[in-house]
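When a ligand or atom number is given, it counts from 1 through the structure's own listing order.
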Amino acid sequence: MSPMSNHRARSSSPSSDQPTRRDLLVGAAVAAVAASAARHARAEGAARPVAVASANGLEAVRRAVERMAAGVAPVDAAVDGVAIVEADPEDVTVGLGGLPNADGVVQLDACCMDGPTMRAGAVAALEGFRHPARVALEVMRRTTRVLLVGEGAARFARSIGLPEEDLLTERARKIWLYWKANMSDRDDWVEFPGQVDDPDVAWYIAKYGVIRPTGTINLCAVDAAGNIGGTTSTSGLAFKMPGRVGDSPVIGAGLYVDNEVGAAGSTGRGESVIEVAGAHTAVELMRGGASPTDACLGALRRIVSATRVPALLDDRGRPNFDVKFYAVNRVGEVGSAAMWSGGKFAVCRAGGEPELLDCAHVYEKV
Ligand code: GLY
């Protein structure tokens, strides 16, 4: 399935199948980017171990490949890699320092999956533990269950001796208060003098503007023997409804691994990924012969056709949000695609340095 045909099937609006000239131009751009990404991935050969991740995972893919080269299983290597970002307070979308929910509480979601055993573990709305991917790994290893949520997940993490802490950093708290002050002119909170000049608040405004980030880290890894593992970890949608859970801890949505085929994961608007079982869709497309890049574009195409709520569409009927998929197949070819142009993804191979590559995309930002 070519990216071009993916795009044409979508057209400019879910209700129209007549592509405009602009659609054809965008489609051609998609095809060129996808072909270039596929060429890049293949030109490198399929050297393994290899790890692919969201752009915030540049150091995570390095660590994952180092771990696999030392004999660590891909799922453990993936969780070890992601731990770097979970512990980094500068990343406000994952782990420590993640932006809190509407009540100012940091609730984390994560999952992992192990290809050789086809076992999975996950936690959702977990409070007080900076490494939710590690907790998910322990759910997978120590229990017969897959998904623990809320206080039950915290009690499990406590019971196995993981350290507990307040994950709300000063930076995240200040950004949350800024969001509260700008939510409505009919509530009790207003902007106070100097609030937007605070360096942490100014940083947030410059980076995200009015967008509520759904940043996340996904990392999929293949070792030298072709065994596969992956993990996804997030603090979820910034300022979310308490208890809201996105795609990241949902097996088949934010992550799926099949040792016979490959692995895929996602970042971005989680509800849209859940509704098309996004990561599972990408893996099934690879099972049918798609390259990792084409599989990611195919999963995005499902989101385009499933997105019908007017509030989620722009004036041309296109999704007004971003989602990115990341994929690797069992021979070690990698790919990634985003709804909108400009995205990057991280890759590292045995013996190489980690690098950021361009994602293929469905639509060109203007
Ligand atoms: N993809 C992260 C989330 O929607 O929570």
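- The number of heavy-atom neighbours closer than 6.0 Å to CZ of Arg48, taken from other residues, nucleotides and ligands shown, is above 12.
- Counting atoms of ligand 1 from 1 in the listed order, those under 4.0 Å from a heavy atom of Thr216 are 1 (N), 2 (C).
- In the vicinity of Ser248, heavy-atom distances shorter than 4.0 Å reach the ligand 1 atoms 1 (N), 2 (C).
- Side chains of Ser248 and Asp109: a donor-acceptor N/O pair is absent below 3.5 angstrom, by distance only.
- Atoms of ligand 1 found under 4.0 Å from any heavy atom of Asp247 (numbered from 1 in listed order, with element): 1 (N), 2 (C), 3 (C), 4 (O).
- Here is the list of ligand 1 atoms found below 4.0 Å of a heavy atom in Leu237: 5 (O).
- At a heavy-atom cutoff of 4.0 Å, ligand 1 is contacted by no atom of Lys324, backbone or side chain.
- Looking only at protein heavy atoms, the nearest one to atom 5 (O) of ligand 1 is Arg244 NH1, 2.7 Å.
- In summary, the atoms of ligand 1 found under 4.0 Å from a heavy atom of Gly268, numbered by their order in the structure, are 1 (N), 2 (C), 3 (C), 4 (O).
- Across every non-hydrogen atom of Val222 and Asn329, the tightest pair is CG2-O, 3.8 Å.
- What you find for Thr307 and Ile303 is that their closest heavy atoms are OG1-O, 2.5 Å.
- Summarising the geometry of Val105 relative to Glu127, their closest heavy-atom pair is CG1-CD, 3.5 Å, with the distance given to 0.1 Å.
- Against a heavy-atom cut-off of under 4.0 Å, Gly270 is close to the following atoms of ligand 1: 4 (O).
- Ring planes of Trp179 and Phe239: parallel class, angle under 30° (limits at 30 and 60°).
- At a threshold of 4.5 Å between non-hydrogen side-chain atoms, the residues Val334 and Pro292 do not count as touching.
- Which parts of ligand 1 touch Gly236 is read off a 4.0 Å heavy-atom cut-off, strictly below it: atoms 5 (O).
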